[in-house]
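As structure tokens, the structure follows; a few thoughts come after it.
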Protein chains: 2
Amino acid sequence: MSPRTRTPLNRDRVLKAALDLADTRGFEDLTMRKLAKELGVEAMSLYNHVRNKEDLLAGLVDIVFGEIEVAEPGSADWRTAMRERSLSMREALLRHPWAIGLMEGRARPGPENIRYHNAVVGCLREGGFAFREAVHAMSALDAYTYGFALQERGLPFETPEESAQVMDAQRAQVPDMDSYPYLVEVATELQKAGYDYAKEFAFGLDLILDGLEGLRAAK
Amino acid sequence: MSPRTRTPLNRDRVLKAALDLADTRGFEDLTMRKLAKELGVEAMSLYNHVRNKEDLLAGLVDIVFGEIEVAEPGSADWRTAMRERSLSMREALLRHPWAIGLMEGRARPGPENIRYHNAVVGCLREGGFAFREAVHAMSALDAYTYGFALQERGLPFETPEESAQVMDAQRAQVPDMDSYPYLVEVATELQKAGYDYAKEFAFGLDLILDGLEGLRAAK
DNA sequence: ACCTGAACACCGTTCAAGT
DNA sequence: ACCTGAACACCGTTCAAGT
């Protein structure tokens, strides 16, 4: 039992601390050195539990995949299953916005990743989608969800006040703003009404689900 | 006329060289020092033409926005306009995959960004979409396109051979692969048929466009 | 088996100094 | 006005050395 760390370091503790660091202080603060300090250890010690930083990130991504809830194939109708898992996916990406660009990496997928994707395809196949159509459906839903999370991470339109602030800054910076009447309109309306991300996401999601329903019926 | 650089450095030349470096050698090789070397200059000289690296990246993002073709509002029916601009957007993101996560940044948008989004909203408004519906439409289309580009960047399923390779590696790594029958099926089918990204993208795109048509008709 | 100190080859950026 | 050398505060990672 060393003086500082009662529990010895292991891969799980390293990953957990890394996740927390990225979530609370931001992805750019997730460095091997700062992570080590957080764990009361020197940076080089981490390499006993993680191959390198890429391996660390792969571990984090798999934790995020593990947080996405998805029904057992056949346990619910495909539409509710896909709707719920897309909502759960957006929420996970909202908790870990730094992960968005890493989820679809070329690296070999982790166990949670595999479990997750198997369940998604399973719900579609058991829901009556032919193989090709199931791939279409998953591809479209995933693309939409990743892309929406990306937009949500970047855009500052949460409240009317925020929208107003952004637009004022923009107006000051772009002198010929009146050459862009459609944008001005959007800005004006958004200032009045605000922008509800959850509702906006649900709108596009239901639109895609409606389309997929037809695809399935056509079989 | 200095010995090396006949044309003096300026912001445009810096941005052009940076774009080329990121495209040809990858985003991780786009460092201020390597960019400077490419231009036959010391790293510190770049700061005469670019505030910092963030400013450099903002400049690159605006160049990419400038590469996305979009019709003049009112010049074509909304559906072809939106279809064409989404295809053009995917192609631009395919040429500059490193840009995907940067396009929707919090930073103030550049002139090409503003021009582009104004035109997109304009095509929808002139095409008969009410304000709220135009925002819905743009949001859904953008999310899908960004997300698809993200998947395409990460996944290695171009040819049947690639799919086979990936699956073999995965099989070797995951011993209980048979616990994931739906994934095995996808893998098997993909090995036979391959995966056509362009067609897959068009499928989801048309599905969303179909849905938006209904939204417009309902007004 | 696990941890560490020193070192290597890098980063972005500042600043005083050159022309 | 533009470029540079030296410096600062960082990175990820290796490796021999400690326990």
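In what follows, chains carry the letters A, B, and so on, assigned in the order in which the sequence lines appear, proteins first and then strands, with residues in each chain numbered from 1. Fair warning: this is a prediction, and the values are worked out from it, not measured in the lab.
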Contact state string [nucleotides 8-19 of chain D, B base, S sugar-phosphate only, - no protein heavy atom under 4.0 Å] | ---BBBB-----
Quick one: is A/Ser45 getting a side-chain N or O under 4.0 Å of the C/dT4 phosphate, OP1 or OP2?
-> yes
Should B/His49 be listed as having a side-chain N or O under 4.0 Å from OP1 or OP2 of D/dA1?
-> no
For the side chain of A/Ser88 and the backbone of A/Arg85, is there at least one donor-acceptor N/O pair under 3.5 Å apart?
-> no
Determine yes or no for a side-chain-to-main-chain donor-acceptor pair under 3.5 angstrom, with B/Asn10 supplying the side chain and B/Arg13 the backbone.
-> yes
At what distance, to the nearest 0.5 angstrom, does CZ of B/Phe65 lie from CG of B/Asn113?
-> 4.0 Å
dist A/Met103:CE -> A/Ile68:CD1 (nearest 0.5 Å) comes out at 4.5 Å
Identify the residue among B/Tyr144, B/Tyr195, B/Tyr146 that makes a ring-ring contact (aromatic ring centres under 6.0 Å, His included) with B/Phe201.
-> B/Tyr144
Could you check how far [atom1] of [X] sits from [atom2] of [N], rounded to whole Å?
X	N	atom1	atom2	value
B/Leu39	D/dT4	CG	P	11 Å
A/Leu46	C/dG5	CG	P	14 Å
A/Asn10	C/dC3	CG	C1'	15 Å

Would you mind reporting whether A/Val70 and A/Arg115 have side-chain heavy atoms less than 4.5 Å apart?
-> yes
A/Asp23-A/His96 side chain donor-acceptor pair, cut-off 3.5 Å | yes
Base-pair string, DNA chain D, Watson-Crick plus G-U, cut-off 3.5 Å on both distances, | for inter-strand, is ||.|||||...|||||.||
Report the residue from A/Leu56, A/Asp62, A/Asp20 that forms a side-chain contact (heavy atoms from CB on, under 4.5 Å) with A/Leu15.
-> A/Leu56
